[in-house]
J.: 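Quick one: structure below, then a few questions.
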Amino acid sequence: MGYARWDSDDWSDYAAGQAGRSREEVFTRRSLDPEFDPLNIRRRESRDSAQNPESNAIIVAFDETGSMGSIPDAFVREGLGTMVQALLDRRPVSDPHVMVMGCGDAWCDRAPLQVTQFEADLRIADQLSRLWLEGGGGGNRFESYNLPWYFAARRTSIDCFEKRGRKGYLFTVGDEPPPPKLLAAHVRAFLGDDLRRDLDNAELLRAAGRMYEIFHVVVEQGSHYRSFPDEVEQGWTRLLGQRVLFLADYRQLAEVIVSAIEVNEGRDPDAVVASWDAAAGTVAKALRRLPAASRRRGLLGYFGRSAR
């Protein structure tokens with residue numbers, strides 16, 4: 001998919017139409033859309049086209065449990081337009097194709113993974129608004145952030161990697177620690193794959209990291225992070241090291257995502273931060289944990305260097 005081009009006027013009209021509407025009026029689904037059910041999806045593809053001749057795949061997977069539903073709501077109203085337009089204007093990568101996922105808790109939710117298509121135009125917003133904000137989650141103090149890694153590794157085909165050896169990008173977003181592992185029973189139940197054993201997170205990251213640069217965005221305004229900040233920070237830092245981004249204002253998620261891509265592509269982080277004006281403080285805080293050497297050379301190589 002992704003055979004179209006982003007139009008800023010279309011986005012402006014769309015965003016204006018969301019003004020004054022409640023979250024329930026924007027996200028009208030009260031059950032899982034069959035089109036986004038991984039049981040019905042064999043593969044999601046990001047392919048080059050005349051409109052996007054050098055496509056680059058970008059996945060944003062939102063935690064949609066509990067209070068986290070405010071994040072995709074803010075993104076569909078404003079953040080998406082900021083992110084795509086900044087990617088097109090700043091060009092850290094060419095021709096972005098964006099997929100959105102909804103991520104919940106496989107231990108207790110009915111739809112712990114929802115997956116849209118890769119798209120390059122306003123259909124990104126349309127599909128995002130069709131996610132079911134289930135608002136579940138349990139008392140286990142983690143969510144199934146590893147389901148997007150599994151899907152990206154096993155069910156996506158992206159031309160940026162297959163044709164040009166360039167990795168796509170995968171961002172998970174939420175306020176809880178990573179889960180301990182991915183249960184084979186959950187993969188069978190929610191994706192239909194006959195997995196014979198559980199997978200630990202390191203395995204999943206290696207598999208998804210072959211094709212994607214992987215980051216996690218910790219939402220500091222989330223209730224779990226506010227209650228257990230050390231638990232969240234230590235869990236993600238042990239797993240991803242410098243690829244953990246700490247988001248102080250969820251309304252500026254787009255700026256943080258674009259900035260991480262820019263720095264990963266070798267741009268000077270201080271210049272990136274300074275370019276954001278009102279969002280500069282949030283971006284600086286999100287990028288602050290990058291080691292000095294990595295800030296100079298970008299973040300490439302954490303899961304294996306792309307062939308470029």
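FYI, side chains are in, hydrogens and waters are out, and symmetry mates aren't considered; it's all heavy atoms of this structure.
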J.: Mind checking side chain to side chain contact (heavy atoms under 4.5 Å, CB included) for Ala254 and listing every partner two or more places apart, or none if nothing turns up?
T.: Phe75, Thr82, Met83
J.: Identify, with sequence neighbours excluded, every residue that meets side chain to side chain contact (heavy atoms under 4.5 Å, CB included) alongside Arg43.
T.: Glu45, Ser157
J.: Could you work out, with salt bridge (charged side-chain N to carboxylate O under 4.0 Å, His left out) as the rule, every residue matching Asp126, not counting sequence neighbours?
T.: Arg130
J.: Can you sort out the partners of Glu203 under side chain to side chain contact (heavy atoms under 4.5 Å, CB included), two or more places apart, ordered by chain and number?
T.: Arg197, Leu199, Asp200, Arg206
J.: Which pairs count as ring pair (Phe, Tyr, Trp, His ring centres under 6.0 Å) when at least one residue sits in residues 259-288, sequence neighbours excluded?
T.: none
J.: What residues form a salt bridge (charged side-chain N to carboxylate O under 4.0 Å, His left out) with Asp109, not counting sequence neighbours?
T.: none
J.: Tell me every residue that passes side chain to side chain contact (heavy atoms under 4.5 Å, CB included) with Pro72, counting only those two or more places apart in sequence or in another chain.
T.: Phe27, Phe62, Leu128, Leu133
J.: Who are the side chain to side chain donor-acceptor pair (under 3.5 Å) partners of Glu64, not counting sequence neighbours?
T.: none
J.: Going by the salt bridge (Lys or Arg N to Asp or Glu O under 4.0 Å) test, which pairs reach into residues 175-186, not counting sequence neighbours?
T.: Lys181-Asp198
J.: For residues 119-145, pull every pair meeting ring pair (Phe, Tyr, Trp, His ring centres under 6.0 Å), keeping only residues two or more places apart or in separate chains.
T.: Trp107-Phe142, Tyr145-His216, Tyr145-Trp236
J.: The criterion is ring-ring contact (aromatic ring centres under 6.0 Å, His included); which residues satisfy it with Tyr225, sequence neighbours excluded?
T.: none
J.: Pick one: which of His97, Gln117, Glu162, Glu119 meets side chain to side chain donor-acceptor pair (under 3.5 Å) with Ser46?
T.: His97
J.: Sequence neighbours excluded, which residues qualify as salt bridge (charged side-chain N to carboxylate O under 4.0 Å, His left out) partners of Glu255?
T.: none
